[in-house]
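Scroll down for the structure; my scribbles are underneath it.
We count ligands from 1, going down the list as the structure has it; atoms in each ligand are counted the same way. In this chain, residues are counted from 1 in sequence order.
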Amino acid sequence: FPPLGMGVGNPRPVHFRSSSSTHLCNFKPKRSPIRCQSTSTDEPKTRRNLPLFFSLYDWFLEHGSVYKLAFGPKAFVVVSDPIVARHILRENAFSYDKGVLADILEPIMGKGLIPADLSTWKQRRRVIAPGFHSLYLEAMVRIFTDCCERTILKFDKLLEGESSSGGNPIELDMEAEFSSLALDIIGLGVFNYDFGSVTNESPVIKAVYGTLFEAEHRSTFYIPYWKIPLARWIVPRQRKFHNDLKVINDCLDGLIRNAKETRQETDVEKLQQRDYSSLKDASLLRFLVDMREADVDDRQLRDDLMTMLIAGHETTAAVLTWAVFLLAQNPSKMRKAQAEIDLVLGQGRTTFESLKKLEYIRLIVVESLRLYPQPPLLIRRALDSDLLPGGYNGDKDGYAIPAGTDIFISVYNLHRSPYFWDKPHEFEPERFLAQRKSEGIEGWAGFDPSRSPGALYPNEIISDFSFLPFGGGPRKCVGDQFALMESTVALTMLLQKFDVELKGSPESVELVTGATIHTKNGLWCKLKKRSAVHGNNVNRKAAA
Ligand code: HEM
């Protein structure tokens with residue numbers, strides 16, 4: 001989402017003036033960095049020609065955790081501190097809106113939750129959030145499993161073709177495969193529509209990708225030329241964008257019409273009792289139509305569905321892509337993950353219950369989100385003047401900001417902060433467990449688990465905003481558990497059957513950003529079937 005690749009002028013960081021206006025807050029951290037490397041071995045490419053958020057990280061180390069970044073006449077305050085992030089996202093959340101982000105996404109998502117104005121947001125969030133009930137998630141795990149089976153079947157067939165020509169591994173762009181899988185899952189889970197994109201191409205699928213592509217283009221282009229009257233008729237890519245949008249909107253309108261026409265009292269009763277087990281259609285659309293018929297306006301419903309389609313597709317595909325990228329460079333961790341899968345599932349099916357036992361896989365997912373947060377920056381604009389707190393290492397006077405200030409909360413910086421994370425650039429899913437074991441603490445490393453009892457995954461509450469892959473406060477991601485479980489199921493099912501290697505070197509994987517951090521030319525991997533012997537050996541070792 002964020003304007004990461006702005007092309008106008010050289011961004012220039014300046015020390016941010018604190019509220020006691022007599023001095024500049026060029027503060028030194030109280031804690032020295034635990035280990036302050038600027039790049040890591042798993043980092044694709046050097047910083048030259050890399051997205052802006054890499055430079056934001058260097059400037060964070062140089063200028064502190066709250067600094068101002070000027071782009072010609074425009075300026076952003078860049079925040080890399082959990083206390084300041086908590087203030088903006090939770091404590092004073094309603095004094096901020098989505099600023100630049102809403103400008104970019106409103107033409108696509110309308111009044112959907114992400115760009116919505118405060119009063120629409122309040123009303124829709126109250127209606128939508130209960131839809132992500134734990135029994136809905138349980139029903140979704142069955143859909144995740146079914147969709148992953150289709151992907152596995154496709155890989156099996158491709159491998160069979162290869163075995164007739166000598167048993168070579170298959171080479172696949174795993175980013176593209178995860179993108180298709182995530183699209184199928186979000187379609188079925190949110191509006192019971194089977195894109196079938198793992199095996200097919202269709203005008204609707206092409207339109208979804210076209211729209212995502214345009215959202216990305218807009219987020220990286222400084223001058224919003226698409227707002228110029230007639231641009232949508234004259235500029236070919238804008239014409240295409242409006243055609244794509246129409247294709248998706250027509251499809252969603254049809255699904256909404258159908259959901260309304262097929263509304264049945266027996267289903268409503270089942271939903272009221274949260275009895276998802278016997279529902280033929282457990283989708284969120286069914287829930288929204290059945291439970292809230294009186295408040296549903298078709299246009300709003302379409303905006304809600306479009307928002308979830310866009311918000312829930314590429315993000316999850318990106319998490320899986322980077323998880324595989326990281327695992328492929330760490331074969332011992334891949335084997336450890338497979339050992340856990342062998343132990344918990346053998347050759348069996350992933351279920352809602354089994355997710356609770358697949359702890360290492362869950363931690364791989366969150367560690368991937370720590371290193372590659374999607375999106376890497378959260379964007380806000382101050383509606384009123386505010387006083388940001390001094391922050392963990394900050395100036396005790398805090399920072400006064402005027403109304404209209406644009407803010408980037410750098411989740412990337414927070415997640416790789418040398419002040420909070422040991423070896424911040426290293427892929428270490430165990431980091432969440434190490435301290436728990438050594439200190440006898442029930443929960444995840446260094447965090448206070450009593451703040452979020454029963455959580456399956458580390459989150460921003462437990463970490464007090466030093467780990468916020470889904471944001472925090474009232475505008476926190478509504479689909480966080482959906483996405484985490486989906487990623488855990490997909491990774492489990494992939495590693496249960498296959499060994500994965502990178503086709504080229506990690507350095508050859510070029511990184512670009514728009515809405516999410518993704519690769520420039522795909523994540524090309526070699527996939528081969530795990531042998532039963534290998535699986536059993538690992539199993540025995542793990543059991544030992
Ligand atoms: C909001 C991340 C998957 C729906 C957000 C935000 C983040 C995020 C960081 C907060 C944005 C902000 O504060 O500006 C992710 C990641 C995902 C994911 C990393 C996958 C790994 C999903 C899924 C859905 C979804 C699967 C829907 C099924 C939404 C919605 C919002 C949101 C509707 C706006 C919430 C609001 O403003 O009330 N997401 N998301 N996301 N996400 Fe997700």
Side-chain angles (χ1 to χ4, degrees), residues 1-2 79 85-86 88-90 93-94 96-102 104-105 109-118 120-129 131-132 136-137 140 143-144 178-179 181-183 185-191 283-285 287-288 303-323 365-366 368-381 407-412 414-415 457 459-460 465 467-488 490-491 515-518:
F1 309 103
V79 170
R86 193 180 65 197
I88 297 167
L89 295 176
R90 192 171 72 191
F94 295 121
Y96 295 87
D97 71 7
K98 301 275 178 100
V100 189
L101 182 69
I104 293 168
L105 293 179
M109 298 179 178
K111 287 181 173 240
L113 282 182
I114 292 183
D117 59 89
L118 202 59
T120 311
W121 172 82
K122 272 190 179 147
Q123 200 258 329
R124 294 313 293 162
R125 175 94 190 190
R126 236 192 339 260
V127 173
I128 292 170
F132 287 90
Y136 164 76
L137 293 172
M140 286 305 106
I143 287 184
F144 304 157
F178 287 139
S179 186
L181 173 66
L183 182 59
I185 288 179
I186 203 80
L188 284 164
V190 174
F191 35 83
S283 72
L284 201 68
L285 172 61
F287 171 87
L288 292 175
D303 290 347
D304 294 336
L305 299 184
M306 178 70 102
T307 301
M308 282 185 270
L309 170 65
I310 305 279
H313 169 218
E314 238 198 12
T315 43
T316 317
V319 177
L320 287 165
T321 301
W322 294 114
V365 171
V366 285
S368 307
L369 268 165
R370 185 184 70 80
L371 287 167
Y372 296 94
Q374 316 291 347
L377 303 177
L378 301 179
I379 296 181
R380 292 292 186 273
R381 182 175 290 152
I407 298 178
F408 286 162
I409 297 173
S410 173
V411 182
Y412 182 87
L414 274 162
H415 284 189
Y457 300 84
N459 59 30
E460 83 290 357
F465 280 69
F467 178 62
L468 52 160
F470 295 96
R475 309 284 307 241
K476 182 180 172 179
C477 179
V478 81
D480 61 335
Q481 298 304 307
F482 182 109
L484 286 165
M485 289 183 187
E486 173 184 353
S487 308
T488 310
L491 209 54
T516 56
I517 310 175
H518 54 95

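Around atom 43 (Fe) of ligand 1, protein N, O or S atoms at less than 2.8 Å comprise Cys477 SG.
In terms of heavy atoms, Ser283 sits closest to Val190 at CB-O, 3.7 Å. Closest heavy-atom contact between Gly189 and Tyr136: O-OH, 2.8 Å.
When only non-hydrogen protein atoms are considered, atom 11 (C) of ligand 1 lies nearest to Leu378 CD2, 3.9 Å. Closest to atom 19 (C) of ligand 1, if we only count protein heavy atoms, is Gln374 O, 3.0 Å. Regarding atom 31 (C) of ligand 1, its nearest protein heavy-atom neighbour is Ile114 CG1, 3.6 Å. Looking from atom 21 (C) of ligand 1 to the surrounding protein, the closest heavy atom is Val319 CG2, 3.4 Å. When only non-hydrogen protein atoms are considered, atom 10 (C) of ligand 1 lies nearest to Arg475 O, 3.8 Å. Of the protein's heavy atoms, Met308 CG, 3.9 Å lies nearest to atom 27 (C) of ligand 1.
When heavy-atom distances to ligand 1 are checked against a 4.0 Å cut-off, Ser487 has no atom that comes that close, whether in backbone or side chain.
Residue Ile186 places a heavy atom under 4.0 Å from ligand 1. Not a single heavy atom of Arg124 sits less than 4.0 Å from an atom of ligand 1. Ligand 1 lies within reach of Arg380, whose nearest heavy atom is under 4.0 Å from it. At least one heavy atom of Lys98 sits less than 4.0 Å from an atom of ligand 1.
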task = Test salt bridge (charged side-chain N to carboxylate O under 4.0 Å, His left out) on Arg124 and Asp304 and set out the steps.
result = CA-CA 8 Å; Arg124 294 313 293 162; Asp304 294 336; 2.7 Å; yes

query = Can you list the steps and then say if Leu468 with Leu89 is a side chain to side chain contact (heavy atoms under 4.5 Å, CB included)?
reply = CA-CA 10 Å; Leu468 52 160; Leu89 295 176; 3.4 Å; yes

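For the pair His313 (side chain) and Ser179 (backbone), a donor-acceptor distance under 3.5 Å is present.
Short contacts between ligand 1 and Phe482, defined as distances under 4.0 Å to a heavy atom of the residue, involve ligand atoms 26 (C). Of all atoms in ligand 1, numbered sequentially from 1 with element shown, those under 4.0 Å from a heavy atom of Pro469 are 2 (C), 9 (C), 19 (C). Close contacts between ligand 1 and Lys476 involve ligand atoms 35 (C) [criterion: under 4.0 Å to a heavy atom]. Below 4.0 Å from some heavy atom of Phe132 lie the following atoms of ligand 1, by number and element: 28 (C).
Expressed to the nearest 0.5 Å, how far CD1 of Ile114 lies from CG of Asp303 amounts to 12.0 Å. Atoms OG1 and CD, on Thr321 and Gln374 in that order, are 8.5 Å from each other to the nearest 0.5 Å. Leu113 contributes atom CG, which lies 10.0 Å from atom CD of Gln123 (distance to the nearest 0.5 angstrom).
Between the side chains of Asp117 and Thr120, at least one donor N or O sits under 3.5 Å from an acceptor N or O. Thr488 and Tyr457 share a donor-acceptor pair across their side chains, judged by distance under 3.5 Å alone.
Ring pair Phe144/Phe482 is perpendicular by interplanar angle, where above 60° counts as perpendicular and below 30° as parallel.
At least one N or O atom of Arg125, backbone or side chain, sits closer than 3.5 Å to an N or O atom of ligand 1. Between Trp121 and ligand 1, an N or O atom pair is found at a separation short of 3.5 Å.
Among pairs with a residue in residues 467-479, those fulfilling salt bridge (charged side-chain N to carboxylate O under 4.0 Å, His left out) read Glu460-Lys476, Lys476-Asp480, at least two apart in sequence or across chains.
The distance between the ring centers of Phe178 and Trp322 does not fall below 6.0 angstrom.
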